[in-house]
Amino acid sequence: MRFGRRHKDSASSASSAEAALTPARPRREYKNAIRDPEKNPFLQRNLANPTTDLETLIHLAKGSFGTGVFAIPFAFANAGLVTGLVGSLVIGFICSHCVHILVKSAHELYWRHNIPALNFGGIAEVAFREGPEKTKKLAVVIKIIIQCFIMIIAIGVCSIFLVFVASNIAQVINFYTDSNIDIKLYILMVAVVATALAMIRDLRVLAPFSLLSNILVMASVVIVFIYIFDDLPSINEREAFMPAARLPIFFSIIVYSLEGINVVMPLENNMKTPNNFLGRFNVLNTALTMIVCLFTMVGFFGYLKYGEETEGSISLNLPEDQILAQSSKIMLSVAILLSHPLQFYCGVEFSWPKLAPMIGRKFPRFSGLLGEYIYRLCLILITVIIAVGIPNLGALIGIGGSVCLSTLGLMFPTTIETIVYWKNWGKWNWMLWKNILIFLFGMLVFITGFAGSILQLIVSFQGGDPEEGSLLSNLKQLSDSLF
């Protein structure tokens, strides 16, 4: 007995020694971190006014609702009914998936490192630092690039909102008063209201504004549908497919309209129950499913109704001499104005926490609340200057928007997930191959969106109308003539 036990022990020691001398295999560690309820990182969040699931759902829907929903029919006009229908659903699924994997990767990093919250740039930095050796050196650089892109999007979108609201209000007022007031004066008047709304620092306070904005957008969509379904043509009267040369416009508009990834992490970081953000029937999937379905319906039936006459914003196809049609423009303008503070909040949320310590070292008095309000005023001033000073705002912001949204919305989330789970990509490395395909699609959107924006600039240089609807119509004519 004793001899056998000693022999067994010596054999065990020998195998241990042999194992120690054998080069260790790379460990395929954690696909998911261990979820220990006693070490729940979400419990460490110290939020004064966290948002509920419903409030977050409203904000997320508002982050995607905007001028893009009324541009979807024009995207269909450049793709055809079949291509537009299939393409919008596929792109909508891809964009939604990229938002999902970004939040999923963030939650994974929370549990691994016991971190209560991270913004978009912070997620990339932590992921790159714990990834393969070659990615660690890029952590800070990637974080800075993401933060710059988010600020470009925030400032650009806010500037576009000012021009969009001012243009729609000017169109209605000038029609009924038979006047011709300079659009810059309307922008300055709209900026006064936008400045007041931009001073709101609490997402819970913004929730009613987002809810009202969503209601107004839905009311505008209903009015649009009233005109669309009045004597709707047959499907056979519309093109099912369009030349490939016009698809860049389709891609750029769809991605711009569906992408709201810059608002996702600020909303998730301010949730009372962040676990409910993900899940089959929870906040994220519910909001994105509604958005994709609504956008696809507006695009399909809008193009079916107006065909090649579809304007850049379908609201411009509505009759100018009918009060119902004009009221939709007013409601849409108010809705976009109310969504301005949410986009603005995301820009401040990403930049001010980094600037406050730097300002505090030199000017301690301005590192707190007073400094933040001054910073908000400065950012608003920048957006107003851009809106007033650049007549063809859509073309210039289109370049930054298409570039930033394709990278932030498609390429960075897939890259982050690939690095977060680099030790276990699943059976046959399916996650890696899936992310490579989406990344390549993001490159395609990057190129086509950039090309579409360049065409907009060509139109402006050739004397095209710089207003949004006319510009996109001229863009369609230019693309047809070039290709």
Side-chain angles (χ1 to χ4, degrees), residues 63 94-95 97-106 108-109 113 115 117-159 252 255-256 259-269 343-358 375 379 382-383 386 396-422 435-436 438-451 453-454:
I94 293 174
C95 292
H97 176 71
C98 288
V99 174
H100 186 275
I101 63 176
L102 175 67
V103 180
K104 184 192 73 171
S105 299
E108 177 69 16
L109 294 175
H113 304 286
I115 300 173
L118 287 169
N119 58 28
F120 199 156
I123 296 169
E125 182 181 24
V126 175
F128 273 66
R129 284 192 186 282
E130 73 166 23
E133 194 64 32
K134 293 181 180 180
T135 68
K136 295 179 180 180
K137 299 178 181 179
L138 302 174
V140 176
V141 176
I142 294 297
K143 178 182 178 180
I144 294 174
I145 291 174
I146 289 176
Q147 289 175 338
C148 290
F149 280 177
I150 288 176
M151 283 304 299
I152 292 173
I153 291 175
I155 292 175
V157 169
C158 288
S159 300
S252 60
V255 172
Y256 168 79
E259 273 297 352
I261 199 164
N262 56 310
V263 305
V264 169
M265 292 315 301
L267 294 178
E268 188 274 345
N269 288 343
Q343 295 288 343
F344 191 81
Y345 171 88
C346 297
V348 174
E349 180 74 10
F350 273 99
S351 55
W352 175 247
K354 307 297 184 298
L355 293 175
M358 299 169 56
Y375 179 64
L379 285 183
I382 293 174
T383 61
I386 294 174
L396 294 178
I397 298 301
I399 295 176
S402 61
V403 170
C404 294
L405 288 173
S406 62
T407 53
L408 287 179
L410 299 173
M411 289 188 277
F412 276 126
T414 53
T415 303
I416 289 172
E417 186 194 37
T418 302
I419 295 176
V420 167
Y421 295 101
W422 72 282
N435 287 338
I436 288 175
I438 297 177
F439 187 92
L440 293 176
F441 174 72
M443 289 293 296
L444 175 65
V445 174
F446 180 101
I447 295 171
T448 56
F450 186 80
S453 299
I454 292 298

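- Qualifying salt bridge (charged side-chain N to carboxylate O under 4.0 Å, His left out) partners for Glu268, counting only residues two or more places apart in sequence or in other chains: Arg45.
- Applying the side chain to side chain donor-acceptor pair (under 3.5 Å) rule to Asn269 yields the partners Tyr110; only residues at least two apart in sequence or on another chain are considered.
- Residues satisfying the side chain to side chain donor-acceptor pair (under 3.5 Å) criterion with Gln147, sequence neighbours excluded, are absent altogether.
- Taking all atoms of both residues into account, the shortest heavy-atom contact from Leu410 to Gly442 is CD1-CA, 3.7 Å.
- With sequence neighbours left out, Val140 forms a side-chain contact (heavy atoms from CB on, under 4.5 Å) with Glu125, Arg129, Ile144.
- For Tyr375, the ring-ring contact (aromatic ring centres under 6.0 Å, His included) test picks out Trp352, with sequence neighbours left out.
- Residue pairs that meet the salt bridge (charged side-chain N to carboxylate O under 4.0 Å, His left out) test with at least one member in residues 408-420, sequence neighbours left out, are Lys104-Glu417, Glu417-Lys434.
- Under the rule for a side-chain contact (heavy atoms from CB on, under 4.5 Å), the partners of Leu440 that lie at least two apart in sequence or sit in another chain are Ile436.
- With values rounded to the nearest 0.5 angstrom, Ile142 atom CD1 is found 4.5 Å from Ile145 atom CD1.
- Rounding to the nearest 0.5 Å places CD1 of Ile155 at 5.0 Å from CD1 of Ile382.
- At a threshold of 4.5 Å between non-hydrogen side-chain atoms, the residues Tyr421 and Ile101 do not count as touching.
- Partners of Thr135 under the side chain to side chain donor-acceptor pair (under 3.5 Å) rule, at least two apart in sequence or in another chain, do not exist in this structure.
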